Amino acid sequence: MRTYSSLILLGALGAMSAAASAAVDTTAWTCKTCPYPKGATAVVEAGIGNVSSASPKFGDFSGLDRKGAFLVLGGELDYRGADGYYAELLASDLGLDSRSLSAKTGRAGLYELRLGFAETPRHFGEGLSPYLGIGSSVLTLPAGFPASGTASMPLGGTLKPVELDLHAKRFDLGGTWIGGDHWTTKLQLRHDVRDGTKPYAASFYATSTQLPLPVDQVTDQLELTLAYATRQLQLSLGYQASRFDNGFESLTLSSPFWPVVPGATRGQLALAPDNQFQQITGSAGYQILPSLRASADFAVGRMTQDASYLAATLNPTLVATAGALPGTSLDGRVDTFSGSVKLTATPLDNLRVNASYARDVRDNRTDSSRFAAVSTDIFVWPGKRANEPYSHWQDRFKLSADYRGADRVRLSGGAEQDNRTRSYQEVVDTRETTLWGRLGLQPRDDLDLSLKVAFADRHNSPYGTSTWLDNPENPQLRKYYMVGRKRQSATARVDYTLNDKVAFGVAAEYANDDYAASSIGLNQARNSNLSADVAVTLSERTRLTGFVQADRIHSLQSGSQAFAAVDWRARNHDRFDMLGLGLKHAAIVDKLDIGADLTVSRARSRVTLETVIPEPEFPTDKTSVDSLKLYATYKMSEAITLTGSWWYERYESANWHSDGLLPSTVVNLLALGVPTPNYRVNVVRLAMRYRF
C-alpha cells in the first residue's frame, strides 16, 4: 500500500476544486433566503368584504359601521439597490375609513425620508335633535319652542336623526440624516385634523339639553433632534413645538325651555381655545467606567393661550350687573420643566445598583384677575371671583438593586420617595415612601417562580378648606389624591414547561389602598387579578394558545347629603372576566393554513348604598362581548395567495344611566336619545394577494 504526504493530498484537493470551479457555471445561482434581496418586490391585495348590519359601536375605530359591501385593498412595495438605496410603500384598508398609507426611502447609513397618512373614524351613535344649524357654531330651534318641559315640546314634528361621529386624519412627514460617523439629525412634522360632531350637554340652571357639538380642530407639531453618539458618550438636543387651532371658539344655542328670568333665552359655551406649546429637550449618557454609567435628561417648555374672551353674558338684562371683563384675553402662560439624573453601577458581576432623581414642575405664570360670575345667563353671583393659577412641583428619588445569586436565585429591592407641593389646593405638601422587594427562583429548568411585594405610605400637610371657591366644600371632605394613604400590593407568577409541547403560566396580583384619614370621600379601594395562559403544540402542524383573566375591583366611599357628618356610604363592585383561545393549523403544508381566534369577555358593575333609610340597589351595569374569527390562506402558486375570513361579534350592554332615555323621558332634560349599544355583526372578507 502506498501512502501520500499531507502536502501532496492538499495539493490534489486544490487542483480538483479549481477544476470543478472552472467546469461549473454559477451565474444563475440565486439565494432565496438571503436577508437583504436586491431589486423590487411587490404584493397587491384586492378583494371584497361584506358587513351584515350597521352599528356605530362596531365601526368605532374599525371603519366597519355601515351595512353592505366594502372594498378590500392594500399592499406593499419594497426595493433594495446594490448601492444601499431602498424604498418601501405600505397601504392598508384603503377601502375603509380606517385606511393608512406610509412610505419611506433612503440610503442605508446616510439618510431616510418618511411619509405617512392615517385616518381613524370615531362613532358615538345616532341621536335625535330638534336643533337647526347642526355643524355650525349657532344652534337655533324651530317654531314651537321654548316650552315648560319636554312633554310640551313639539318633538314629534321637529326631531331629526343626527349622526354623532368624528373623522381624524393624520399626516406625517419626517427625515433622518446621518452626518459622519457619530452625528444624526431627525426632523418630524405632524398635521392632525379632526372634524364632525360629538355628544355634549348644556344647562340652563335647573334644565339641561344634550346637543351635537361641532368639531373642527387642527393640531400641528414639529420635532427636531440632533444626536451625537460614540461607544462611551451619547448626547441629544431637540426642539418641539405644537399649535392647536379650533375652528369654533364658542357654541351659541337657544334654550328649549321657558326662561327662568327675562332675557335668559340663549346660552353660550366656550370651547377649547387656540394654544401653543414649545419645548427644548436634551439627554446625555456617559460610560464613566466599565462598571459605572451616568445619564441625564431635561425638558424645558412653555404653554401659552391668548384666545379672546367671550361676553360675560348674552342676557341683556344682566350686562350692567356683570360689568366689564378684566381684559380682552386670559394671556395665559405656564412654564414646565422635567429633568432627571440616573447612575447605574455594577460593583460585582452579579450585582447592579440604580439611583435616580427626577423633578417635574408646572409653574402657572398667568395673572389672577377678578371678575363677576354669571350663572347660565340667569343671575350674577354676589361679589367677585378670580382665576387662580394652579401650579405643582414634584420630586422623586429612587434607589434599587438587582442581585443574581447561586442556585438561580434573583433578588431585587428598592426604595422610592415621591414629594409633591401644590398651590391653591387644600393640601400644600404630600410625601409618599415606597419600599418593594422581588424574589425570583428557578429550582428546575422547567420551572420559574417570582414574587414581588410593595408597601407605600403617604402623608400630607394639614388639610385646609378652600377659600377661593364661592360654594364651600364640606370641611370633612378629603380628596383621595391628597390625603394620607397606605398601599399594600403583591404580585406572584409561576411559569412551568410540562414538556416540549405544553407550557403554561399563572399569575396573581393584589393591591389594597387604605384611606383611614378620610372621613368623607374615598375610604378604601381593593383590586385583585388572577390570570393564566397556556401554549400547546398539538402536532407539527397544529398549535393552540389560550388565556383567562379575572379582575375584581371594590371600593368604599362615604358622603354627607346634609353637609355635616357621614350619613351615607356606597360600595362599588366591578368585575371583569375574559377568555381567549387561538388555533393555528397547517392543513396542507406550505399550501393551506387555517386558524381561529375566540374572545369572550364579561363586565359587571354594581353599586350598593347604605343610608339611614334603606335604599334599593341601583341596577347592575352589564357588558358582554363575544368575538369569533375564522381565517384561511391558500397558496395557489409562488405569486398568488387567496385569503378569506369570517368575523362574528356579539355585543350586549345594559346601562341604567342611558337605557330608555329618549328626548322626552325626563321633563327637564332634552336628551339626544342615543341608544345603548347592542349588536350582532358578521363580517366576511375574500381577497387575492399577488406577489411580483
Side-chain angles (χ1 to χ4, degrees), residues 200-209 249-253 255 257-273 275 303-334 362-392 421-429 460-479 481-483 519-521 559-565 668:
Y200 208 68
S203 65
F204 297 89
Y205 197 58
T207 59
S208 300
T209 178
E249 64 176 15
S250 65
L251 177 67
T252 303
L253 67 151
S255 173
F257 300 92
W258 282 347
V260 178
V261 298
T265 59
R266 295 186 304 158
Q268 192 173 48
L269 298 171
L271 304 183
N275 58 81
M303 297 183 286
T304 57
Q305 188 265 97
D306 59 354
S308 299
Y309 283 140
L310 301 180
T313 178
L314 297 182
N315 189 340
T317 65
L318 300 179
V319 173
T321 307
L325 293 171
T328 58
S329 69
L330 178 69
D331 194 20
R333 169 186 158 188
V334 176
R362 183 185 188 274
D363 188 8
N364 195 333
R365 297 297 186 92
T366 306
D367 292 334
S368 179
S369 303
R370 299 187 64 80
F371 54 90
V374 181
S375 179
T376 62
D377 286 285
I378 293 177
F379 64 90
V380 180
W381 285 92
K384 295 283 187 178
R385 299 186 66 178
N387 61 294
E388 304 298 351
Y390 169 78
S391 301
H392 76 257
T421 301
R422 306 170 178 85
S423 66
Y424 296 104
Q425 294 288 300
E426 290 82 356
V427 171
V428 176
D429 298 309
N460 59 279
S461 59
Y463 206 100
T465 302
S466 62
T467 59
W468 50 86
L469 297 177
D470 292 331
N471 293 326
E473 296 174 338
N474 192 320
Q476 298 186 53
L477 173 65
R478 298 295 181 263
K479 297 179 180 178
Y481 57 90
M482 291 190 294
V483 74
S519 54
I520 292 181
S560 174
Q561 59 183 354
F563 201 79
N668 61 341

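These numbers were taken from a predicted model, which means no experiment stands behind them.
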message: Using only atom types and a distance under 3.5 Å, with no angle test, would you say the side chain of S250 pairs donor to acceptor with the backbone of Q268?
response: no
field: Residue pair V427 / S461, side-chain heavy-atom distance below 4.5 Å
entry: yes
field: Partner residues of T317 under the side-chain contact (heavy atoms from CB on, under 4.5 Å) criterion, sequence neighbours left out
entry: N315
- request: Check whether any side-chain N or O of S391 sits under 3.5 Å from a backbone N or O of S423 as a donor-acceptor pair, and report yes or no.
  value: no
Only pairs under 3.5 Å count here: list side-chain donor-acceptor contacts from residues 368-375, not counting sequence neighbours, and write none if there are none.
residue, atom, partner, partner atom, Å
S368, OG, N387, O, 2.8
R370, NH2, K384, O, 3.0

- request: Tell me, please, which residues at least two apart from T421 pass side-chain hydrogen bond (donor to acceptor under 3.5 Å, both in side chains).
  value: D429
field: Exercise: identify the closest heavy-atom pair between I520 and A564
entry: CD1-O, 3.5 Å
field: Contacts of type ring pair (Phe, Tyr, Trp, His ring centres under 6.0 Å), residue Y205, not counting sequence neighbours
entry: F379
statement: Those residues at least two apart in sequence (or on a different chain) that pass salt bridge (charged side-chain N to carboxylate O under 4.0 Å, His left out) with D363 are R365
message: A272: which residues meet the side-chain contact (heavy atoms from CB on, under 4.5 Å) condition with it, sequence neighbours left out?
response: F244, N246
field: Within-4.5 Å side-chain heavy-atom neighbours: M303 and N275
entry: no
- line: When every non-hydrogen atom of A264 is compared with those of I378, the smallest separation belongs to CB-CG1, 4.1 Å
- line: Closest heavy-atom pair, G267 versus F204, reported as atoms and distance to 0.1 Å, is N-CE2, 3.8 Å
task: To the nearest 0.5 Å, tell me how far T265 OG1 sits from L253 CG.
output: 10.5 Å
task: Search all heavy atoms of P316 against all heavy atoms of G263 and return the closest pair with its distance.
output: CD-O, 4.2 Å
message: Run the side-chain contact (heavy atoms from CB on, under 4.5 Å) test against R422 and tell me which residues pass, sequence neighbours left out.
response: Y390, H392, R420, Q425, T430, M482
message: For residues 320-334, which residue pairs pass the side chain to side chain donor-acceptor pair (under 3.5 Å) check, not counting sequence neighbours?
response: R333-D335
query: Closest heavy-atom contact between F257 and S208?
result: CE1-O, 3.3 Å
For T366, side-chain hydrogen bond (donor to acceptor under 3.5 Å, both in side chains) partners two or more places apart: N364
- prompt: So do Y200 and L251 actually touch side chain to side chain, heavy atoms under 4.5 Å?
  reply: no
message: So, using side-chain hydrogen bond (donor to acceptor under 3.5 Å, both in side chains) as the criterion, who are the partners of R266 when residues are at least two apart?
response: none
Those residues that, when tested against T313, pass side-chain hydrogen bond (donor to acceptor under 3.5 Å, both in side chains) (two or more places apart): D377
- request: List in chain and number order the residues that pass side-chain contact (heavy atoms from CB on, under 4.5 Å) with L325, two or more places apart in sequence or in another chain; answer none if no residue qualifies.
  value: Y309, A312
message: Closer than 3.5 angstrom, by distance alone: can the side chain of Y463 be matched with the main-chain N or O of K479 as a donor-acceptor pair?
response: yes
